[in-house]
Chemist: 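Before we start, here is the structure in question, set down as structure tokens.
Just so you know, these numbers come straight off a predicted model, no measurement behind them.
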Amino acid sequence: MPSAIVEPAEVWMLAREHPAPLMRATRALSQALERVHGPRFAVWHSDELLFGVRDGRLVLQTLGGQDVPPPKVVLVRQTPGSMSEHRELTLLRHLERLGAVLINPAAAHHQCGNKLWQLQELAAAGLPVPDTLSYATAPLAGVVRSPQVRTPCVVKPVNGRNGSSVFLAPDTELLRALSGSLAQEVPLLLQEYVAASHGRDLRVVVVDGEPVAAQIRSSRDGSLASNLARGATAELCLGRHPEGEALAVRAAAALGLSVAGVDLLFTADGGHTLCEVNAVPGWRPRMTTVIPAITAYVDRLLAGAGAPPPRDAAYPFPATGRCPDPPPGPARRRPRGRAGAAGAGRPGRAAGADGVTGATGSVRGPVAAVGG
């Protein structure tokens with residue numbers, strides 16, 4: 001007999017598939033949301049859901065067959081570069097079609113998964129970005145011999161993360177010599193080298209149009225990359241670079257992001273240029289203003305303050321300007337059991353009344369039989 005979750009969670013955190021653990025910032029955010037929303041909050045993983053169309057209606061279910069009422073707000077905590085258009089991004093689109101407001105929208109996640117797509121939008125919005133070249137199907141050996149390629153230049157994949165596979169090509173001869181050994185699963189970017197920012201950058205976290213945290217990141221060994229994941233140090237600096245923070249806010253808006261981590265480079269004239277924008281930013285524990293800003297934004301969404309409309313015409317879903325109620329479903333009888341285990345962020349998985357296993361530490365709500 002089909003079953004459904006009643007008293008459903010209004011706020012979801014959607015994380016990547018098992019067994020990948022929640023990252024530190026994501027875990028701390030989930031714990032804060034649970035404290036605020038209690039059983040109205042749940043963590044779901046992308047490998048726990050089925051979705052599609054049945055009898056002309058969109059459906060969302062667990063692998064065990066439970067109908068899952070859509071939430072009002074979904075915080076997406078899987079980086080776009082690791083999401084597949086035909087897998088996770090399709091799930092995000094489905095949730096939007098069911099009326100959920102996503103932080104951030106599916107179109108924005110799709111766009112941020114490609115560094116050149118970001119630069120296209122930022123440049124079109126009149127924002128400063130480094131000169132950058134890429135290609136579609138041209139052979140890399142031919143690309144690096146183009147007179148349009150200037151060195152020194154920074155070489156990086158269009159979908160790289162955490163500073164991986166990024167290097168500085170100091171001259172044309174080295175670039176041409178290395179081109180045959182470079183990974184070519186995806187196109188590369190050949191980007192202007194901003195010498196004044198070698199080994200350091202400015203990261204600004206933007207929430208709902210406001211800079212809420214900032215830090216200067218510096219490499220320890222004089223290397224090009226200043227990513228913390230690669231051992232860089234960080235110095236908190238909110239308010240020290242107001243022009244850079246204002247530029248970060250404009251960049252987030254240009255990409256349709258309500259929560260963003262914006263990386264800026266320092267220019268020789270004392271200004272900034274945009275390096276890239278992260279749709280699922282991380283932050284260090286010392287950046288204590290980030291989580292309260294996100295939870296407050298979620299509260300505004302639940303109160304009907306609305307969300308920024310999606311920008312990408314390729315995803316023409318309607319923007320209602322508020323968090324819509326879940327669509328009406330069949331009548332539900334009183335609960336017979338409870339699916340999931342209370343306490344988001346704590347280990348363990350609990351079976352529901354119909355034998356469906358809940359997400360790690362998620363609160364799913366009681367289960368009731370539907371129909372007959």
Side-chain angles (χ1 to χ4, degrees), residues 79-81 112-124 126-204 215-235 241 243-244 247-248 251 261-278:
T79 55
C112 287
N114 184 300
K115 297 181 189 298
L116 188 61
W117 294 356
Q118 292 185 25
L119 296 176
Q120 290 166 346
E121 294 299 316
L122 296 171
L127 303 180
V129 296
D131 292 344
T132 306
L133 288 178
S134 191
Y135 51 94
T137 58
L140 182 58
V143 170
V144 298
R145 284 169 171 75
S146 168
Q148 297 300 318
V149 175
R150 301 169 185 170
T151 55
C153 68
V154 177
V155 183
K156 62 178 76 172
V158 296
N159 63 348
R161 292 179 289 151
N162 296 326
S164 61
S165 303
V166 177
F167 71 93
L168 176 64
D171 54 60
T172 303
E173 290 72 21
L174 178 62
L175 180 60
R176 292 176 179 177
L178 291 176
S179 62
S181 61
L182 297 177
Q184 299 183 46
E185 289 81 6
V186 297
L188 300 175
L189 300 183
L190 306 173
Q191 190 168 79
E192 173 188 0
Y193 170 52
V194 183
S197 200
H198 184 102
R200 68 186 185 119
D201 67 6
L202 173 64
R203 159 63 68 91
V204 180
Q215 61 184 3
I216 296 175
R217 305 182 300 185
S218 304
S219 64
R220 293 179 182 271
D221 56 3
S223 60
L224 176 68
S226 56
N227 302 76
L228 298 181
R230 305 182 71 82
T233 62
E235 177 188 1
H241 300 278
E243 298 87 357
L247 180 56
V262 184
D263 297 340
L264 303 101
L265 303 176
F266 296 93
T267 57
D269 60 1
H272 300 86
T273 188
L274 292 162
C275 180
E276 65 181 82
V277 183
N278 301 273

Chemist: Within the 4.5 Å heavy-atom criterion, are Val154 and Leu224 side-chain neighbours or not?
Modeler: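 Answer yes - side chains close enough.
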Chemist: Identify the two heavy atoms, one from Ala251 and one from Val262, that lie closest to each other, and give their separation to 0.1 Å.
Modeler: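 What the structure gives for the nearest pair is CB-CG1, 4.2 Å.
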Chemist: Would Thr172 and Thr151 count as having a side-chain donor-acceptor pair, cut-off 3.5 Å?
Modeler: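 Indeed, the side chains of Thr172 and Thr151 share at least one donor-acceptor pair under 3.5 Å.
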Chemist: Does Glu235 use its side chain to pair, donor to acceptor, with the backbone of Ile216 at less than 3.5 Å?
Modeler: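 Checking the backbone N and O of Ile216 against the side chain of Glu235, no donor-acceptor pair under 3.5 Å is found.
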Chemist: Please check: side-chain N/O of Ser219 versus main-chain N/O of Ala232, any donor-acceptor pairing under 3.5 Å?
Modeler: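 The answer is no, because no donor-acceptor pair under 3.5 Å joins these two groups.
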Chemist: At what distance, to the nearest 0.5 angstrom, does CG of Leu140 lie from OG of Ser179?
Modeler: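 Going from the CG atom of Leu140 to the OG atom of Ser179 covers 5.0 Å.
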Chemist: Does the side chain of Phe266 come within less than 4.5 Å of Leu202's, by heavy atoms?
Modeler: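 Yes, at least one pair of side-chain atoms sits under 4.5 Å.
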Chemist: Could you walk me through whether Arg217 and Arg200 satisfy the side chain to side chain contact (heavy atoms under 4.5 Å, CB included) test, starting with their C-alpha distance in whole Å, then the side-chain angles of each, then the deciding distance to 0.1 Å, before giving a yes or no?
Modeler: CA-CA 5 Å; Arg217 305 182 300 185; Arg200 68 186 185 119; over 6 Å; no
Chemist: Is the shortest heavy-atom distance from the side chain of Cys112 to the side chain of Gln118 under 4.5 Å?
Modeler: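 Yes; the side chains approach each other to less than 4.5 Å.
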Chemist: Could you go through the side chain to side chain contact (heavy atoms under 4.5 Å, CB included) check for Leu116 and Leu189 one step at a time?
Modeler: CA-CA 8 Å; Leu116 188 61; Leu189 300 183; 3.9 Å; yes
Chemist: Of all the heavy-atom pairs spanning Ala268 and Ala196, show the shortest one and how long it is.
Modeler: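 Closest pair (atom of Ala268, atom of Ala196, distance): N-CB, 3.6 Å.
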Chemist: With a 4.5 Å heavy-atom cut-off, do Asn278 and Arg203 have their side chains touching?
Modeler: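 They are in contact (side-chain heavy atoms under 4.5 Å apart), so the answer is yes.
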Chemist: Got Gln148 and Leu133 here, is their nearest side-chain heavy-atom distance under 4.5 Å?
Modeler: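 Result yes, sub-4.5 Å side-chain heavy-atom pair found.
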Chemist: Search all heavy atoms of Asp201 against all heavy atoms of Leu264 and return the closest pair with its distance.
Modeler: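 Closest heavy-atom pair between Asp201 and Leu264: CB-O, 3.2 Å.
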Chemist: For Leu188, is there any backbone N or O sitting under 3.5 Å from a side-chain donor or acceptor partner on Ser134?
Modeler: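 At least one qualifying donor-acceptor pair exists.
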Chemist: Apply side chain to side chain contact (heavy atoms under 4.5 Å, CB included) to the pair Leu122 and Val277, showing each step before the final yes or no.
Modeler: CA-CA 10 Å; Leu122 296 171; Val277 183; 4.3 Å; yes
Chemist: Mind checking what makes ring pair (Phe, Tyr, Trp, His ring centres under 6.0 Å) contact with His198, not counting sequence neighbours?
Modeler: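 For His198 the ring pair (Phe, Tyr, Trp, His ring centres under 6.0 Å) partners, ignoring immediate neighbours, are Tyr193.
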Chemist: Without swapping roles, check the side chain of Thr132 against the backbone of Pro130 for a donor-acceptor pair under 3.5 Å.
Modeler: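 Yes, Thr132 side chain to Pro130 backbone: donor-acceptor pair under 3.5 Å.
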Chemist: Return the CD to CG distance between Gln191 and Leu168, rounded to the nearest 0.5 Å.
Modeler: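 One gets 11.5 Å once the value is rounded to the nearest 0.5 Å.
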Chemist: Using 0.5 Å steps for rounding, measure from the CG atom of Leu190 to the CG atom of Leu175.
Modeler: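 Answer for the CG-CG pair, Leu190 versus Leu175, is 6.0 Å.
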Chemist: Considering only heavy atoms from C-beta outward, does the side chain of Thr273 approach that of Leu247 to under 4.5 Å?
Modeler: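 Side-chain contact under 4.5 Å: no.
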Chemist: What is the minimum heavy-atom distance between Arg145 and Ala141, and which atoms define it?
Modeler: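 That would be NH1-O, 3.0 Å.
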Chemist: Take His272 and His241, measure what side chain to side chain contact (heavy atoms under 4.5 Å, CB included) needs, and give me the verdict at the end.
Modeler: CA-CA 9 Å; His272 300 86; His241 300 278; 3.9 Å; yes
